[in-house]
2 protein chains.
Amino acid sequence: MSRLPMAKRREQLVNAALAVASRDGVEAATVRAVAAEAGVSLGVVHYCFQDKNELLRAMGEAITARNVERVEFGSPPLDARAAVGNAVTAIWDSMSARRGDQLLAFEMTLSALRNPELAPVATAQLEHERRLAEDLLVEAAAAAGTDWGVPPRHLARTCVAVLDGVALAWLVDGDDRAARADLAQFADHLAQLARPGVQTA
Amino acid sequence: MSRLPMAKRREQLVNAALAVASRDGVEAATVRAVAAEAGVSLGVVHYCFQDKNELLRAMGEAITARNVERVEFGSPPLDARAAVGNAVTAIWDSMSARRGDQLLAFEMTLSALRNPELAPVATAQLEHERRLAEDLLVEAAAAAGTDWGVPPRHLARTCVAVLDGVALAWLVDGDDRAARADLAQFADHLAQLARPGVQTA
DNA sequence: GTCTATAGTTGGATAGAC
DNA sequence: GTCTATCCAACTATAGAC
């Protein structure tokens, strides 16, 4: 483990930070705790990161990057309803599979809203999610041979908001069935917005 | 200020805690900061509250109680669409008027999800909001002379989730117009669920 | 590059004077 | 009831040995 190149070391420390924060919360992700989790001494962390905020910033960016990779798709669907339903289910599966990570994502956002040095993390994360949602919406419409009456950008905004709201409720009450019901209903609502008559290809 | 009865003292301290936390975040609401804000010495806080968690618990309950009082209604509406629209707008106005409080509410919820001693705060707050939403839904339907095809309890759950999601997005991007657009669209969607033909009274 | 040691803060909690 | 004084723990950050 010793004498790693800086980049590797940073990666190791960010992973350790993620592990601690996901398990025990953002406020538990102190420089000391991260060092202990990574099995290095306190000084090493301060050698790789200028201060705690830089570490947290790196952790926030890692969360964003990780969330993007996690969405898997099922088989290609036939109509808009099925396409949207599949996408929403896939996203929810990947979200609800890791409760700690989900909690951490919310905590990071709120921390960033209070701490000016972390502010970019919150906006970048939201922007990333919206872009991902927009891509999925466009794909879904294309797969179903229709398009959306409204700009996908706007729809994406709504989708992310609904998803976040449902996720927060689920974190509090733990009711997975109700969450899935809400999302299914929302997916139906979305599908209704797709113009069935319009063929893009 | 001196020699207040315990109840008054607690109220004063809870208000001080709310002021600090709303301004600077939950983690800034230390026992010391609260004492300073209230203009009392450190010992006074520990005399009124067994420990910091008890203070935070009281603060959480105060937030819940306060949120319930704040919703004001407009004039009695004619149909379900207008009734729901009015209610949603009124709620959003009261939420977006105080950004710090809104942020604080989210922070309290997340803190409660990490800290077992605060857990009841999160569930109570959510439960309270859902009950309020349910009451409003029933009122709205009654005012419009219809009822909901689905149990209002379920609808209330969805409403709170959507509202929270939109609020979180607004906290991050500050786009009030987009938030209102999302809510208006949701209100329309809700209104469509009301069965127009059914007369309750 | 990595470690130990330590400076300097801040916060929770309590004891004891008044 | 209220205050001051104090203890103890945990944290960020840095300095300097190796």
Side-chain angles (χ1 to χ4, degrees), chain A residues 1-21 23-60 107-108 111-112 114-118 121, chain B residues 1-60 104 107-108 111-112 114-118 121:
Chain A
M1 280 304 181
S2 320
R3 305 220 157 240
L4 288 181
M6 178 92 121
K8 284 288 174 195
R9 189 56 98 187
R10 283 178 68 112
E11 191 185 321
Q12 176 199 14
L13 292 175
V14 167
N15 284 335
L18 281 170
V20 174
R23 191 173 62 236
D24 303 324
V26 175
E27 72 178 295
T30 64
V31 178
R32 295 179 115 85
V34 170
E37 178 81 20
V40 302
S41 66
L42 196 53
V44 175
V45 181
H46 276 105
Y47 175 77
C48 291
F49 298 93
Q50 207 198 349
D51 57 14
K52 193 192 175 186
N53 278 333
E54 191 179 316
L55 173 61
L56 288 182
R57 216 154 37 223
M59 189 179 78
E107 287 176 324
M108 269 303 300
S111 295
R114 291 285 189 194
N115 181 346
E117 290 198 54
L118 299 182
V121 173
Chain B
M1 282 303 182
S2 321
R3 306 220 156 240
L4 289 181
M6 178 94 121
K8 285 287 174 194
R9 189 55 97 189
R10 284 177 68 113
E11 191 185 322
Q12 175 200 15
L13 293 175
V14 167
N15 284 335
L18 281 170
V20 174
S22 177
R23 191 172 61 236
D24 303 324
V26 175
E27 72 178 298
T30 65
V31 177
R32 295 180 120 88
V34 170
E37 178 82 19
V40 301
S41 67
L42 195 53
V44 175
V45 182
H46 275 106
Y47 175 77
C48 291
F49 297 94
Q50 208 198 347
D51 56 15
K52 192 193 176 188
N53 279 333
E54 192 179 316
L55 173 60
L56 287 183
R57 216 153 38 222
M59 190 180 78
L104 174 56
E107 288 176 323
M108 270 303 300
S111 294
R114 290 286 189 193
N115 181 345
E117 290 198 55
L118 299 182
V121 173

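Quick note on labels: first sequence line is chain A, next is B, and so on, each numbered from 1.
Between the CG atom of B/L4 and the C1' atom of D/dC3 there is a distance of 15 Å, given to the nearest Å. Between the CZ atom of A/R9 and the P atom of C/dG1 there is a distance of 10 Å, rounded to whole Å. Here C/dG11 presents its P atom at 14 Å from CG of B/L55, a figure rounded to the nearest Å. Between the CZ atom of A/F49 and the P atom of C/dG1 there is a distance of 15 Å, given to the nearest Å. At whole-Å resolution of the value, CD in A/E27 and P in D/dA10 are 14 Å apart. Atom NZ in B/K8 sits roughly 15 Å away from atom P in D/dG1 (whole-Å rounding).
Under the side chain to side chain contact (heavy atoms under 4.5 Å, CB included) criterion, A/V44 pairs with A/R9, A/V40, A/S41, not counting sequence neighbours. Among residues two or more places apart in sequence or in another chain, the side chain to side chain contact (heavy atoms under 4.5 Å, CB included) test is passed with A/N115 by A/N53, A/E117, A/L118. Legend: residues meeting side chain to side chain donor-acceptor pair (under 3.5 Å) with B/R10, ordered by chain and number and at least two apart, are B/E54. Residues passing the salt bridge (Lys or Arg N to Asp or Glu O under 4.0 Å) test with B/E27: none are found, sequence neighbours excluded.
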Once base and sugar-phosphate atoms are separated, protein heavy atoms under 4.0 Å mark nucleotides 12-18 of chain C, 5' to 3', with B, S and - as BBB----
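Sequence neighbours left out, not one pair with a member in residues 38-49 of chain B passes salt bridge (Lys or Arg N to Asp or Glu O under 4.0 Å).
With rounding to the nearest 0.5 angstrom, the CZ atom of B/R32 is 12.0 Å from the NZ atom of B/K52.
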